[in-house]
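This structure is a prediction, so every number in the text was calculated from the model and none was measured.
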Amino acid sequence: MDSVISHLKSNFNTYLEELKEYLRIKSISTLDANRSDMIKCADFVADKLRHAGMSRVEIFQTARHPIVYGEWLGQPGKPTVLIYGHYDVQPVDPLDLWHSDPFEPVIHDEKIWARGANDNKGQNYVHIKSVDAYFKTLGTLPLNVKFLFEGEEEIGSESLTSFLKTHQELLKCDSVLVSDTSMYGRGIPTITYGLRGLLYMEVEMTGPDKDLHSGSFGGAVANPINELAKLISKLHDKNGKITVPNFYNGVQKLSKAEKENFKRLKFSENAYAKEVGVKKLHGEKGFTTLEKLWTRPTLDCNGIIGGFTEIGAKTVLPSKAKAKISMRLVPNQDPLKIAKDFAKYVKSLVPQSVKLDVKMLHYGYPAVVPFGSKALNAGAKATAKAYGKKTVFTREGGSISIVVDFIKNLKAPVVLMGFGLDSDDIHSPNEHFLLENFEKGLYASAYFLDEFSKA
Ligand code: BES
Ligand code: MN
């Protein structure tokens with residue numbers, strides 16, 4: 001074990017150079033223009049898995065982006081861990097807010113800066129290299145390993161969801177290891193046990209069938225931007241509750257044990273407000289910030305499109321306005337059911353002077369992983385060893401759609417062992433990853449394989 005860790009230590013700079021290469025690939029899953037980059041990135045991952053000693057590596061084509069699978073099953077009788085990661089990244093706009101090219105990684109201030117540096121290339125690469133280090137030093141692994149990397153996490157994991165159903169035997173394992181979450185704070189080893197789900201909708205409002213002069217027609221013809229704004233404003237009540245019928249059905253109260261656990265985390269509302277740069281925090285009445293972020297469902301408008309948006313003035317009554325609206329969901333909420341209720345409700349809110357089209361873009365179920373599994377304990381031990389501190393357990397506000405399918409289809413405990421920080425600006429301009437976490441992540445991964453092999 002010591003030799004593995006010291007190998008990881010002495011090869012750190014090489015790993016960093018390889019990570020840079022990974023980060024240069026513009027694997028933006030949502031944009032059709034980047035299709036070939038997705039293929040290139042899948043090839044890159046497959047190549048690194050082969051180099052890391054996987055005896056079988058395969059790229060599976062899907063309806064959208066390829067899935068990369070790798071395995072080494074040379075320890076029959078020992079447990080099998082399935083390591084999941086996603087090689088796709090979010091778009092980079094607004095580009096002018098980046099201090100350097102999002103796809104030309106740079107290192108400064110003890111961080112690596114690029115789109116995907118944290119989410120998820122930096123985080124998933126640690127596992128490939130820890131496996132590699134075992135083979136280079138000990139010539140073997142302490143247990144069986146399967147790798148599963150997808151290219152659609154940022155757009156809802158549709159292909160992997162069906163792949164899981166059709167490849168249960170191939171993916172059979174005793175635990176799933178995922179590094180795609182945040183640490184509770186810098187230097188605090190963290191295992192996450194809950195993620196919110198997601199429902200992403202798009203509503204398009206149409207007024208007149210073409211853009212009109214706002215003087216000749218304004219006042220007599222409905223303006224879809226005005227009406228859309230009214231509609232959005234009706235989706236929350238004055239207490240911050242979401243007004244969609246049946247929305248809160250089944251949402252559970254927080255257990256006493258969880259409340260206690262949250263308390264122990266000593267969350268500072270002031271420090272948090274300062275960190276995000278707001279004067280005052282906001283949200284549903286009657287809940288603490290951690291409860292709001294981790295255990296309560298929310299609704300947010302993610303983008304709004306319509307009318308004249310160039311520099312200068314144009315007097316126009318637009319024909320159309322569009323809003324992208326997403327909801328974060330918690331256990332017992334069913335995104336497909338809520339999508340129906342949402343569509344019906346928003347349609348009921350608009351006047352006859354406009355038309356409303358409602359579309360679902362994607363969805364994912366919420367997940368809470370049970371405490372007490374051998375895998376979770378191994379994860380907590382491994383991160384504690386890597387960081388030299390006791391591991392804390394958190395839930396998260398973000399979503400990883402496939403986690404629930406791992407639980408349902410593979411029936412294996414999922415270990416969410418994150419090395420990111422909430423301040424790493426994932427999905428934002430200037431995404432970065434602390435070199436310290438890249439390094440400790442490598443160690444934690446190696447410790448996990450060791451700990452779980454003995455579990
Ligand atoms: N890594 C994130 C999820 C995450 C972020 C979990 C921070 C915990 C803390 C993941 O890549 C992500 O961004 N997921 C999307 C999923 C969606 C597009 C289906 C999300 O949460 O918006
Ligand atoms: Mn992401």
Side-chain angles (χ1 to χ4, degrees), residues 28-30 64-65 84-86 88-91 118-120 123 150-162 164 176 178 180-182 192-203 232 235-236 240-244 246-252 283-284 287 290-304 322-343 345-346 358-369 394-409 414 416 418 420 422 426-428:
I28 304 171
S29 49
T30 198
R64 197 131 182 217
H65 301 306
Y84 162 86
H86 67 89
D88 64 322
V89 300
Q90 286 276 338
N118 160 328
D119 185 10
N120 174 247
Q123 292 214 57
E150 68 158 321
E152 296 178 20
E153 193 277 338
E154 300 292 3
I155 49 171
S157 300
E158 206 176 319
S159 297
L160 189 59
T161 302
S162 27
L164 238 58
V176 183
V178 181
D180 194 25
T181 46
S182 295
T192 296
Y193 65 92
L195 293 162
R196 287 196 287 192
L198 186 71
L199 169 62
Y200 207 115
M201 307 293 291
E202 195 169 82
V203 299
I232 294 169
L235 298 176
H236 289 94
K241 283 247 177 329
I242 293 143
T243 54
V244 177
N246 310 318
F247 187 76
Y248 291 95
N249 284 4
V251 172
Q252 289 160 318
E284 190 182 1
F287 297 91
L290 277 191
E291 286 167 5
K292 284 184 223 169
L293 290 171
W294 294 352
T295 73
R296 298 297 298 170
T298 53
L299 181 149
D300 277 292
C301 186
N302 301 105
I304 181 155
K322 213 187 223 183
K324 293 174 186 284
I325 298 172
S326 70
M327 285 151 263
R328 295 283 167 177
L329 308 177
V330 301
N332 295 332
Q333 285 184 300
D334 183 336
L336 295 178
K337 200 180 161 303
I338 291 176
K340 277 197 193 131
D341 287 336
F342 175 87
Y345 178 58
V346 288
V358 184
K359 232 172 46 184
M360 181 176 76
L361 296 192
H362 60 67
Y363 65 91
Y365 281 80
V368 171
V369 304
T394 64
R395 283 171 69 165
E396 288 270 17
S399 315
I400 307 171
S401 314
I402 202 67
V403 164
V404 101
D405 299 273
F406 286 145
I407 299 172
K408 268 200 309 217
N409 288 313
V414 178
L416 300 165
D422 279 343
I426 65 172
H427 296 206
S428 299

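Panel note: side chain Asp300, backbone Asn302; no donor-acceptor pair is recorded below 3.5 Å. Between the side chain of Glu152 and the main chain of His65, a donor-acceptor pair closer than 3.5 Å is present.
Taking the side chain as every heavy atom from C-beta outward, Pro297 and Met327 never approach each other to under 4.5 Å. Contact check for Phe342 versus Val203: side-chain heavy atoms found under the 4.5 Å cut-off. Annotation: side chain of Ile155 is not in contact with side chain of Tyr200 (no heavy-atom distance under 4.5 Å). Between Leu329 and Tyr365, every side-chain heavy-atom pair lies at or beyond the 4.5 Å cut-off. Counting heavy atoms from C-beta on, the side chains of Lys337 and Asn246 come closer than 4.5 Å. Side-chain contact between Leu416 and Asp180 is absent, with no heavy-atom pair separated by less than 4.5 Å.
Asn118 CG to Ser182 OG: the interatomic distance, rounded to the nearest 0.5 Å, is 6.5 Å. Note: Phe287 CZ to Trp294 CH2 = 16.0 Å, rounded to the nearest 0.5 Å. Here the OG1-CZ distance, from Thr161 to Phe406, works out to 9.0 Å after rounding to the nearest 0.5 Å. Here OG1 of Thr394 is found 11.0 Å from CG of Leu293. Values are rounded to the nearest 0.5 Å.
When only modelled atom types and interatomic distance are considered, Thr30 and Glu154 share no side-chain donor-acceptor pair under 3.5 Å. If you check the side chains of Glu396 and Thr181, you find no donor sitting under 3.5 Å from an acceptor.
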side-chain contact (heavy atoms from CB on, under 4.5 Å) between Leu235 and Ile325, intermediate numbers included: CA-CA 10 Å; Leu235 298 176; Ile325 298 172; 4.0 Å; yes
Worked verdict on Ile232 versus Ile304 for side-chain contact (heavy atoms from CB on, under 4.5 Å): CA-CA 10 Å; Ile232 294 169; Ile304 181 155; 3.9 Å; yes
side-chain contact (heavy atoms from CB on, under 4.5 Å) assessment of Leu336 paired with Met360: CA-CA 9 Å; Leu336 295 178; Met360 181 176 76; 3.8 Å; yes
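For the pair Val403 and Ala367, the tightest heavy-atom approach, listed with the atom from each and the gap, is CG1-CB, 3.8 Å. Between Leu199 and Pro335 the shortest heavy-atom distance is CD2-O, 3.6 Å. In terms of heavy-atom proximity, Phe247 sits nearest to Thr298 at CZ-O, 4.3 Å. When all heavy atoms are compared, the tightest approach of Ser157 to Glu150 is OG-OE2, 2.8 Å. The shortest heavy-atom contact between Glu153 and Ser399 is OE2-O, 3.4 Å. The two residues Gly240 and Tyr248 come nearest to each other via the heavy atoms O-OH, 4.4 Å.
The residue from Arg296, Arg196, Gln333 that alone fulfils the side chain to side chain contact (heavy atoms under 4.5 Å, CB included) condition with Arg328 is Arg196. Among Val244, Ile338, Val358, the one residue that satisfies the side chain to side chain contact (heavy atoms under 4.5 Å, CB included) test with Tyr345 is Val244.
Salt-bridge annotation for Glu284 and Lys292: absent, with no side-chain N of the basic residue lying under 4.0 Å from a carboxylate O of the acidic one.
Around atom OH of Tyr363, no more than 12 heavy atoms belonging to other residues, nucleotides or ligands sit under 6.0 Å away.
With sequence neighbours left out, the salt bridge (charged side-chain N to carboxylate O under 4.0 Å, His left out) criterion links Lys408 to no other residue. Taking Ser29 as the reference, Asp88 meet the side-chain hydrogen bond (donor to acceptor under 3.5 Å, both in side chains) condition, with sequence neighbours excluded. Taking Lys340 as the reference, nothing meets the salt bridge (charged side-chain N to carboxylate O under 4.0 Å, His left out) condition, with sequence neighbours excluded.
Taking the six-membered ring for Trp and thresholds of 30 and 60 degrees, Tyr84 and His86 have ring planes inclined between 30 and 60 degrees apart.
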